[in-house]
Each structure stands twice: as C-alpha cells, then as structure tokens.
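In the text below, chain A, chain B and the rest are named by the order of the sequence lines, each starting its count at 1.
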2 protein chains.
Amino acid sequence: METPAPGLMLDRETKASERPGDHKDELRLWLRMLTCSTLIETEIRNRLREEFKTTLPRFDLMAQLDKSSTGMTVGEVSQRLMVSNGNVTAVVAGLLADGLVDKRAATQDRRVQVLTLTAAGRKAFKAMAERHESWIAELFAGLDQPEIAQLFRLLGQTKTSLHRAIAARANEAAQGDVR
Amino acid sequence: METPAPGLMLDRETKASERPGDHKDELRLWLRMLTCSTLIETEIRNRLREEFKTTLPRFDLMAQLDKSSTGMTVGEVSQRLMVSNGNVTAVVAGLLADGLVDKRAATQDRRVQVLTLTAAGRKAFKAMAERHESWIAELFAGLDQPEIAQLFRLLGQTKTSLHRAIAARANEAAQGDVR
DNA sequence: GAAAATTATTTTAGGCCTGAAATAATTTTG
DNA sequence: CAAAATTATTTCAGGCCTAAAATAATTTTC
C-alpha cells in the first residue's frame, strides 16, 4: 500500500485507504447524521410540548408499553430505549402520577416491576402516535420512496458496523480486566 | 390514484402513495437513524469519560472554538451546537473553571461575550480530537468508501427536507400569530 | 438450608438541557 | 436625547440522564 506524493495524486485515487490516519469522511458523515437526528428530535419535542403538553421521553416510554400487550419490566424498557434503569424509574414516576401507566410487582418474582399502559394511557398514546407518524412523514417529505429505502438499508449496515465495533471494544476491556 | 382491494395488491404495488395515511416506512427510517445516533453518541461519551475524564458537550464546545481563530460569541456557539444560550453559559462555566476556555466581553459591544480556547484548551482538544476521529472511523468501519459517500449524500437530502419542513411549520405559526 | 452470589430496581449526586423570566447593553424612534 | 424596542447573555425552575451505591428479592453453592 503506497502513498503517492501529494502533487502527483489524481482525484479518483484519493481513497481513505491511501491516506493512512485520515478519516475526515467518516467524521463529516457522523456530524451530518447528528445534525439530522438533532433537528428531528428537537422538532418532535417542540410539537409534543405544544400539541400534547408532554415530553419525548414520556412518549417513547409509552410507545414501548403500547407495543406489548402483557406489559414490560423496567429492565426491558430500559434496554429497548437504551437508557439507564434509574431513568426509566424516574420517567415512569411522572406517568404514574398522571395515571397513564400502571406498575406492579410480578407475582412469581417480586424483584420485577411490570409496567402497563392504563386505559387512559392507551387512549392518550393512540392520539399522539397518529400525529407523530404524520410529523415524521412531513419531515422526510423531500425523499422519495427509493431514497427512503436506500437510506434505510445503509443505516442498517451502519447499525451492524456499530454493534460490531462496540462489541469489539467491550471484549478488549473484558480481556484487560482478567490480565 | 386508486387503492386496489388488499387481496389483489401485488407487493411491488404497495407504495406509500397508494396507502394514504400510512407512513410506516418513514417512521422505521427515523427509528433506525435514532438508534445509530444513540449508539454512536453513547459510545463516544463513554470513551471520552474513560480516556479523557470529560464529557461530550464539553468536547463539542471546544471543537467549535478550535475551528475559530478569533473566538466565538455565546450566541454563535449555541447556534452551531443547536443548544440554548443558557446551556452554553453553563458548559462554559465548567471549562472556565478548568482553565480550558477564556471568556471576555467584546470591546465594542459589551453585551457580547467572546469565547476562545486557552493554550491548555487547544492542547487538550488536539489530543482528544485525534482519538475522536479514529473512534468514529472504527465505528463506521463496516461501510466502504462508496457507501459512506452515498449515505452522506442521502443525509444531505434529508437535512434539506428537514429544514424545509421545519421552516414551513414556523411560517404557519407566525401567520397564526398575526390573525 | 444458610451463606454467597446474582439479579432487578431504586436512590443519590451531579451534569446536561430547556423555556421563560430577568438583567444588561445597545440601537431605534419620536 | 430620552423613552422604547431590540439584542445578548444569564438566571431559574424543572425535567432528563448517567454511573455508582444501596436495597431487596431470588438463585446458587457448599
């Protein structure tokens, strides 16, 4: 793998593999992805506050419970939402106070707290979810169906790449602990 | 635009345009993008904490200041980072306490606070930025160069779409205020 | 079967973040 | 030029979020 002198390098030869240590493309990609996510999140937060006087963490938590008919434990919810257990406990406290969620210890294993939406919670979520879906569609209106499919596919590959890299790092750390 | 009876609909005819009110594809796209962003953010936060005992908001703020030789105002930083002014004030307070950032009122307009990295701040940032870039490259290692370029392009279109939809909404609200 | 280890959740201390109100400085306007 | 409006920043109250420690219940192990 040779690195030609800068002056002689043709544009189409300027590949990452030929510029050891340079990863500006990946960095720009990440910053652009972060911009998109932040724009969407901020807009959805604003609309949830304006139209429903609620917050995104509450909406996200209710969305998880809505998908499960039998209820979910605190741990399951925290895994799905990729937040800490303590955070779930805190957000649930607010939803309990508003009567939107029910929490009860499981009968077999009393360590486990099972969370379910109340009737009021299901009703409130249904109304929000419908609006939420249309907001998202509005935000992505500038992409046609093939572009959406292609972006979805590339983000799928990204997700796989991330899981692999993160797991590799975790393994290294675990090895380090033993030595 | 007709909607065929469900039983007769061929798979390749199941387009969003033929299912009025259905925007599940956009929703799935958004959730996948959010998963990717969250995975990257969480991993970068962990590594910044472990290797540099610092946080992502501090790193991001220092990155903005590092790009500007003449310094930036609180308002400029808050716009670039897409966070509130008050948040910049608070994060800067920590960086000031650590001697990484300098803050002084502009001579002409004493409302304006100009922020710059100190020598120690520039040095600390340089070390972190180098590691940060390689972490990002590691995380995206599963994508080849054309995939990165294509994803970058599609996210560019997404960004445009988002700006347009958000501006449209803001205009509606402004119209509503006048009436 | 009791001590030890594991598992699920909550609590705690502390940082991030926001919108709205307050403060302070500048610019505009009558 | 002084009052009013605007602009930049800070303060404040409150919610989100985390890691680490504490608590509580269950399972494993000897």
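- Separating the CZ atom of A/Arg47 from the P atom of C/dG19 is a distance of 15 Å, rounded to the nearest angstrom.
- Distances shorter than 4.0 Å separate some side-chain N or O of A/Arg49 from OP1 or OP2 on C/dG19.
- Atom CD in A/Gln79 sits about 17 Å away from atom P in D/dC17, given to the nearest Å.
- Between B/Met62 and B/Leu100, the closest side-chain pair of non-hydrogen atoms falls below 4.5 Å.
- Spacing between atom CZ of A/Phe59 and atom C1' of D/dC16 amounts to 17 Å, rounded to whole angstrom units.
- Residue B/Glu41 contributes atom CD, which lies 9 Å from atom P of C/dC17 at whole-angstrom precision.
- Residues B/Asp22 and B/Lys24 are not paired through a salt bridge, judged by the lack of any N-O separation under 4.0 Å between the basic side chain and the carboxylate.
- Once rounded to the nearest 0.5 Å, the distance linking CD of B/Gln150 with CG of A/Leu154 reads 6.0 Å.
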Counting only pairs under 3.5 Å, give me each side-chain donor-acceptor contact of residues 72-83 of chain A, with atom names and distances, residues two or more places apart or in other chains.
from, atom 1, to, atom 2, distance (Å)
A/Thr73, OG1, A/Gly75, N, 3.4
A/Thr73, OG1, A/Glu76, N, 3.1
A/Glu76, OE1, A/Thr73, N, 3.0
A/Ser78, OG, A/Gly75, O, 3.2
A/Ser78, OG, A/Asn85, OD1, 2.8

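- Contacts of A/Gln108 classified as side chain to side chain contact (heavy atoms under 4.5 Å, CB included), with partners at least two apart in sequence or in another chain: A/Ala106.
- With sequence neighbours left out, the ring-ring contact (aromatic ring centres under 6.0 Å, His included) criterion links B/Phe59 to B/Phe125, B/His132.
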Dump every N/O contact between nucleotides 6-11 of chain D and the protein below 3.5 Å, one line per pair.
from, atom 1, to, atom 2, distance (Å)
D/dT7, O4', B/Arg111, NH1, 3.4
D/dT7, O2, B/Arg111, NH1, 3.0
D/dT9, OP1, B/Val74, N, 3.3
D/dT9, OP1, B/Gln113, N, 3.0
D/dT9, OP1, B/Gln113, O, 3.4
D/dT9, OP2, B/Gly75, N, 2.6
D/dT10, OP1, B/Lys103, NZ, 2.5
D/dT10, OP2, B/Thr89, OG1, 2.5

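- In this structure, A/Asn46 reaches the sugar-phosphate backbone alone: every heavy-atom distance under 4.0 Å involves primed, P, OP1 or OP2 atoms, never a base.
- Geometrically, A/Arg131 does not engage A/Phe52 in a cation-pi contact, judged by NZ or CZ lying under 6.0 Å from the ring centre and within 45° of the ring axis.
- Applying the side-chain hydrogen bond (donor to acceptor under 3.5 Å, both in side chains) test to residues at least two apart or on different chains, the pairs with a partner in residues 87-102 of chain B are B/Arg58-B/Asp98, B/Asp102-B/Arg104.
- Here D/dC16 presents its P atom at 10 Å from CG of A/Leu61, a figure rounded to the nearest Å.
- Distance CD (B/Gln108) to C1' (C/dT27): 15 Å, rounded to an integer number of Å.
- Here D/dG14 presents its P atom at 22 Å from CG of A/Leu56, a figure rounded to the nearest Å.
- Taking atom CG of residue B/Leu48 and atom P of nucleotide C/dC16, one finds them 12 Å apart after rounding to whole Å.
- Applying side-chain contact (heavy atoms from CB on, under 4.5 Å) to A/Ile44 and the options A/Leu39, A/Asp60, A/Leu56 leaves one that passes, A/Leu56.
- Distances were taken from every side-chain heavy atom of B/Arg110 (C-beta onward) to each of C/dC17, C/dT26, D/dT26; the shortest belongs to C/dT26.
- Two residues, A/Thr107 and A/Val91, neighbour DNA chain D, and the one matched to the more 5' nucleotide by heavy-atom proximity is A/Val91.
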Check the interface with nucleotides 13-15 of chain C: list each N/O to N/O pair with the protein under 3.5 Å, or write none.
none

